[in-house]
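Report on the structure given below.
Nothing fancy with the numbering, it's 1 onward along the sequence.
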Amino acid sequence: MTRSAAIYGCSGRRLTAEEKAFFAEARPWGFIVFRRNVDSPDQMRALTDEMRDCVGDSDAPVLIDQEGGRVQRMGPPHWPKYPPAEAYLKAANDPLAARELVRLGARLMAHDLKAVGINVDCAPVLDTPVPGSHEIIGDRAWARDPATVAMLGRAAAEGLLAGGVLPVIKHMPGHGRAFADSHHDLPVVHADLKTLDSWDFAPFRALSDMPLAMTAHVVFDAVDPKHPATTSKKALKLMRGELGFGGLIMTDDLSMKALSGNLRERAGAALKAGCDVVLHCNGDLDEMRSVAEGTGALNGKAMKRAQAALARIVREVEPLEVFAARDRFDALMAGRLEAARGPDVGEARA
C-alpha cells in the first residue's frame, strides 16, 4: 500500500489510541523517537513494534538522534553515555587513531539501537564550524576542518552501517557557518560560493554515497537569498548536482522556528523544492494532521530512493563481542585522554 512522504514522532512511551488511528490512516514512511519516548529496553521494543504495526511494515524506518554528548536520546541507566563528537579527536590526539575510535563507538551505538528496533540514526553531523558560529553545533562537530570532519564522519557512518543501522548525514549543505540556532531563528550565511564549496559543502560531497541526508534550515545567500535550503529548489538542485547526493533527502524538523508559514505550507514547500520526505518531531497530533494535509504519497524517484536506502540495511551484521568491544572503547577513550592531558590535571573529559 502507498505510504506518505513523512516521518512523525509520538507523544509518550506508548502510542495512544488516537495516534494509532492517525498513523494507520496517514501511513507515514517512518517514525522518530525522542527522550520523552524512552524508558527501558522492553518499553522501547514495544513502542517500535507498535509503530510498525500501524503501517503494517516490519521494516518501516524508526529514527533517533543518537550522536553522543548533548544529543543522545537513549542513555543511562539502560544504555551507555557516549562522548560528543569533538572528544574523539581530543582523546586520540591524531586523526587516524580517532577514526578507529569513532567507528568503534558508532558500531556500539548501532548495537544498542538495533536491539530495541531502531534502524536509522540521525548521525553523523558533517557540519564544520567556523570561529564565532553558534554553539548549536559546537562539540557535535568532529573537528574544525572539513577534511577531518569528512574522514571521521565516514568512520561513524560505516560503524552504523556495519551494525545494521542507516546513518543520516546532516545538516546538508552545512550548518557550521550559521550564527543563529535554527530551532529559534533563521540563520543567514553570506559567504561566497567558492568559500562554501571548499569548506561547508566539502564533507557532504565526500559522503555523497550515503543512503540518507537531512537538510539545514539555513539561507545561503550565494545559493538562494530568499529561501532556507529545506525549501529552496536551488539548494536541492545543488545537493543533487554539485554535491552528487543520490540518496533520500529528508527535512530537518518542520516545527523549528527557522521556517515560515503554517505546517501544511512548510511540508508542501519542502516537497515542492525537492525534498523526498518531511520530518515532524514533537508528537503533537494536531500539528501532525496539519503536516499530513501538505504531504502527498511517497512515489516516483523519491520512493525509489527510499527503497534503495532501506536496501542498505545489512541483515547479517558485522560480528561484535559487545562487552569486550565496550571495554576496549572505554579504555581507549580514557587512556588516550589521560596520556594527552598529562599528570595532575583532573578528571578526563569524555
Please report the closest heavy-atom contact between A273 and L236, naming both atoms and the distance. O-CB, 3.5 Å
Look at the side-chain heavy atoms of Ile, Leu, Val, Met, Phe, Trp and Tyr, link any pair under 4.5 Å apart, and say whether I136 and W142 land in one connected group. no
Is it the case that the side chains of E19 and S11 hold a donor-acceptor pair, with the cut-off being a distance below 3.5 Å and no angle test? yes
With distance as the sole test, does D94 use its side chain to make a donor-acceptor pair with the main-chain N or O of A97 at under 3.5 Å? yes
Determine whether a donor-acceptor pair (N or O, by modelled atom type, separation under 3.5 Å) exists between the side chain of T230 and the backbone of A216. yes
Going by heavy atoms in the side chains, are S133 and R177 under 4.5 Å from each other? no
If you define the side chain from C-beta out and look only at heavy atoms, does anything of Q66 sit under 4.5 Å from V71? no
Quick one: are M210 and V168 in side-chain contact, heavy atoms under 4.5 Å? no
Any donor-acceptor N/O pair, E158 side chain to A155 backbone, under 3.5 Å: no
Side-chain heavy atoms under 4.5 angstrom apart, residues restricted to Ile, Leu, Val, Met, Phe, Trp, Tyr: same cluster for L259 and L186? no
Kindly say whether E50 contributes a backbone atom to a donor-acceptor pair with the side chain of R14 at under 3.5 angstrom? no
If you group Ile, Leu, Val, Met, Phe, Trp and Tyr by side-chain heavy-atom gaps below 4.5 Å, do Y82 and V125 land in one group? no
Within the 4.5 Å heavy-atom criterion, are L243 and P173 side-chain neighbours or not? yes
Taking a hydrophobic cluster as the set of Ile, Leu, Val, Met, Phe, Trp and Tyr residues connected by side-chain heavy atoms closer than 4.5 Å, whether directly or through intermediates, do V322 and M109 fall within one such cluster? yes
Nearest-0.5 Å distance, CG of residue L271 to CG of residue L298: 9.5 Å
Applying the side-chain hydrogen bond (donor to acceptor under 3.5 Å, both in side chains) criterion to S182, which one of H217, K257, H175 satisfies it? H175
Please tell me whether M239 and L193 are part of a single hydrophobic cluster in this structure, the criterion being side-chain heavy atoms less than 4.5 Å apart. yes
Side-chain donor-acceptor pair present, S40, D42, cut-off under 3.5 Å: no
Judged by modelled atom types alone, do N282 and Y8 share a side-chain donor-acceptor pair under 3.5 Å? no
Do any N or O atoms from the side chain of T231 and from the backbone of H227 form a donor-acceptor pair under 3.5 angstrom? no
Heavy-atom neighbours of E293 CD exceed 12 at 6.0 Å: yes
Measuring from atom CZ of R154 to atom CG of L126, what distance do you get when rounded to the nearest 0.5 angstrom? 9.5 Å
Inspect the contact between D224 and K233 and indicate whether a charged nitrogen and a carboxylate oxygen are less than 4.0 angstrom apart. no
